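Hydrogens, waters and symmetry mates play no part in the numbers below; they use all other heavy atoms, side chains included. Note that the coordinates shown come from a computational prediction; the quantities given were computed from them, not determined experimentally. Chain letters run A, B, ... following the sequence lines, proteins first, then strands; residues in each count from 1.
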Amino acid sequence: AQKVTQAQTEISVVEKEDVTLDCVYETRDTTYYLFWYKQPPSGELVFLIRRNSFDEQNEISGRYSWNFQKSTSSFNFTITASQVVDSAVYFCALISGTYKYIFGTGTRLKVLA
Amino acid sequence: SAVISQKPSRDICQRGTSLTIQCQVDSQVTMMFWYRQQPGQSLTLIATANQGSEATYESGFVIDKFPISRPNLTFSTLTVSNMSPEDSSIYLCSVDTPGLANTEAFFGQGTRLTVV
């Protein structure tokens with residue numbers, strides 16, 4: 001079975017704090033892709049990153065960084081020095097075996113000024 | 001990358017009526033999908049829109065309620081039929097590049113539907 005778990009329903013932080021959003025996935029396939037999307041209040045889905053199962057290198061993009069660990073089936077997302085504009089719902093997703101996305105339930109991040 | 005235009009962006013509809021949502025892509029794509037996001041929930045795949053054949057529906061979704069058209073490789077429509085307040089959701093169109101190795105989904109801006 002394929003599954004994505006985002007155990008954190010909602011997180012509140014004060015601006016400039018660092019915050020990590022957790023994502024744990026399940027799949028039996030050896031080839032798969034993991035994603036993070038941001039959904040601001042306007043509703044559109046903004047693509048943040050894609051990772052394939054053969055690339056465990058961590059990635060940093062500005063204030064964003066991602067930690068992919070196959071040993072724990074986790075793909076966590078860290079925002080450094082959070083800003084109010086980071087407030088959104090963040091979804092972790094998995095593609096495994098087909099083109100269909102399996103989305104986690106999302107984590108609502110509130111960054112307070 | 002693909003640019004997706006989804007119309008309408010939002011609508012308020014009376015129960016019992018139907019709404020057709022359009023999804024236009026600026027390039028030919030193999031795979032087009034329709035998702036539903038109920039309030040406060042995650043995204044759930046409704047169906048895969050197949051060009052030239054009937055859509056493939058996920059468990060819990062049926063053609064009579066969500067008829068889908070895919071007349072060509074750049075366009076698809078989703079109709080929400082005989083609407084009830086439970087259909088109030090964001091509906092998103094998604095496209096994907098061919099070949100799993102190049103997988104990167106692109107989403108339309110969504111249609112926020114409220115049924116009253």
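- When the shell of 6.0 Å around CZ of A/Arg63 is examined, it contains more than 12 heavy atoms from other residues, nucleotides or ligands.
- The number of heavy-atom neighbours closer than 6.0 Å to NZ of B/Lys7, taken from other residues, nucleotides and ligands shown, is 12 or below.
- In this structure, the portion of A/Gln39 lying under 4.5 Å from any heavy atom of chain B is its side chain and not its backbone.
- More than 12 heavy atoms of other residues, nucleotides or ligands lie within 6.0 Å of NZ in A/Lys70, so this atom counts as buried by the packing criterion.
- Looking at heavy atoms from C-beta onward, B/Leu43 lies out of side-chain contact with A/Tyr101 at the 4.5 angstrom threshold.
- Linking ILVMFWY residues whenever their side-chain heavy atoms come closer than 4.5 Å, directly or via other members, leaves B/Ile21 and B/Val3 in distinct clusters.
- Proximity to chain B at a heavy-atom threshold of 4.5 Å picks out A/Phe103, A/Gly104, A/Thr105 from residues 102-113 of chain A, in numerical order.
- For A/Tyr37 and B/Phe107, the ring centers are positioned less than 6.0 Å apart.
- Hydrophobic clustering (ILVMFWY, side-chain heavy atoms < 4.5 Å, transitive): B/Phe33 and B/Ile63 are in distinct clusters.
- Note on B/Met83: it clusters hydrophobically with B/Phe61, by side-chain heavy-atom contacts below 4.5 Å among ILVMFWY residues.
- Of all residues spanning residues 71-79 of chain A, none has a heavy atom less than 4.5 Å away from chain B's heavy atoms.
- Residue A/Gln57 qualifies as open at atom CD: its count of foreign heavy atoms under 6.0 Å is 12 or below.
- Ranked by heavy-atom pairs under 4.5 Å with chain A, the first of B/Arg112, B/Gln6, B/Gln41 is B/Arg112.
- The cluster map of Ile, Leu, Val, Met, Phe, Trp and Tyr, joined by side-chain heavy atoms under 4.5 Å apart, puts B/Phe66 and B/Met32 in different clusters.
- A single hydrophobic cluster is not seen to contain both B/Leu73 and B/Ile4; linkage of ILVMFWY side chains at heavy-atom distances under 4.5 Å, directly or through other members, places them apart.
- Heavy atoms of A/Ser42 lying under 4.5 Å from chain B belong exclusively to its backbone.
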